[in-house]
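Notes for the one structure printed next.
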Amino acid sequence: QKEVEQNSGPLSVPEGAIASLNCTYSDRVSQSFFWYRQYSGKSPELIMSIYSNGDKEDGRFTAQLNKASQYVSLLIRDSQPSDSATYLCAVNGAKTDKLIFGTGTRLQVFP
Amino acid sequence: DAEITQSPRHKITETGRQVTLACHQTWNHNNMFWYRQDLGHGLRLIHYSYGVQDTNKGEVSDGYSVSRSNTEDLPLTLESAASSQTSVYFCASSESLGENTEAFFGQGTRLTVV
């Protein structure tokens with residue numbers, strides 16, 4: 001079992017819709033969770049971090065964490081074509097600062 | 001503004017040659033990481049460092065080495081380049097502040113081994 005798993009997609013949503021991206025992780029003691037956005041040919045860019053159970057909202061983005069289910073998600077409201085990118089989920093453990101990444105989900109937002 | 005820079009941005013080398021990729025950060029972060037990114041594999045951790053003189057192996061460390069002589073730099077060396085090491089390499093850094101370990105990435109180095 002991979003440490004961090006994501007559906008590779010592509011996930012296609014129409015402009016203005018909500019995009020829902022999901023991620024599961026295997027290390028039960030993981031404490032920090034991150035979502036990165038990566039445009040083609042560019043480096044990953046941090047868009048959200050979440051550390052405790054529940055929801056965290058930042059503009060059109062909402063991160064959701066459920067440690068009991070070992071599940072973290074990212075919702076993008078009012079999706080725009082400029083949101084089309086690969087979204088990477090990253091996790092680190094309780095006693096380590098190293099980030100482990102999922103393989104990413106490619107999101108396509110069509111007009 | 002603080003930043004993290006990688007050089008070169010593109011490199012073509014021959015099989016068997018030693019290659020060093022540079023990573024320099026001005027965030028004054030303790031933690032530095034090297035990842036490689038390949039289609040279908042996502043970002044895989046090669047080596048990482050929690051501070052000066054500290055280095056650790058990641059999941060794909062064979063054929064690579066790093067050294068940390070100061071806070072700002074973590075060069076990645078390919079001892080004898082192989083075609084399997086053709087990839088895009090990313091350096092990242094983060095500050096260890098308990099749970100706050102957000103990492104920031106350099107622009108990447110595209111390495112081709114021929």
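Throughout, a chain's letter reflects where its sequence line sits, starting with A, and its residues are numbered from 1.
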- Message: Surrounding CZ of B/R110 (heavy atoms of other residues, nucleotides or ligands, distance under 6.0 Å), is the total greater than 12?
- Response: no

- Following the transitive rule for hydrophobic clusters with a side-chain heavy-atom cut-off under 4.5 Å over Ile, Leu, Val, Met, Phe, Trp and Tyr, establish whether B/L74 and B/I4 coincide in one cluster. no

- Query: Just wondering, do B/F90 and A/Q38 contact through their side chains at under 4.5 Å, heavy atoms?
  - Reply: yes

- Message: Keeping A/S43 on the side-chain end and B/G108 on the backbone end, is there a donor-acceptor pair under 3.5 Å?
- Response: no

- Can you tell me how far CD of B/Q37 sits from OG1 of A/T103, rounded to the nearest 0.5 angstrom? 10.5 Å

- Joint hydrophobic cluster, A/I100 plus B/W34, side-chain heavy atoms closer than 4.5 Å: no

- What distance separates A/N92 CG from B/S94 OG, expressed to the nearest 0.5 Å? 8.0 Å

- Message: Under a 4.5 Å cutoff for heavy-atom pairs, which residue among A/G102, A/A90, A/P44 has the most contacts with chain B?
- Response: A/P44

- Minimum side-chain heavy-atom gap B/Y35-A/L99 below 4.5 Å: yes

- Query: Should we count CZ of A/R77 as having more than 12 external heavy atoms under 6.0 Å?
  - Reply: yes

- Query: By number, which residues in residues 59-67 of chain A have some heavy atom less than 4.5 Å away from chain B?
  - Reply: none

- Item | hydrophobic_cluster_shared for A/L107 and A/V4, side chain cutoff 4.5 Å | yes

- Message: Are A/L75 and A/Y36 linked, directly or through intermediate hydrophobic residues, by side-chain heavy-atom contacts shorter than 4.5 Å (ILVMFWY only)?
- Response: no

- Item | B/L43 versus chain A, the contacting section by heavy-atom distance below 4.5 Å | both

- Nearest atoms (heavy-atom pairs only) where A/S49 meets B/E102: OG-OE2, 2.8 Å

- Provide the closest heavy-atom pair for A/K98 versus B/L45 in the form atom of the first, atom of the second, distance. CD-CD2, 3.7 Å

- Message: Side-chain heavy atoms nearer than 4.5 Å, only ILVMFWY residues, links allowed to pass through others: does that put B/I46 and B/F104 together?
- Response: no

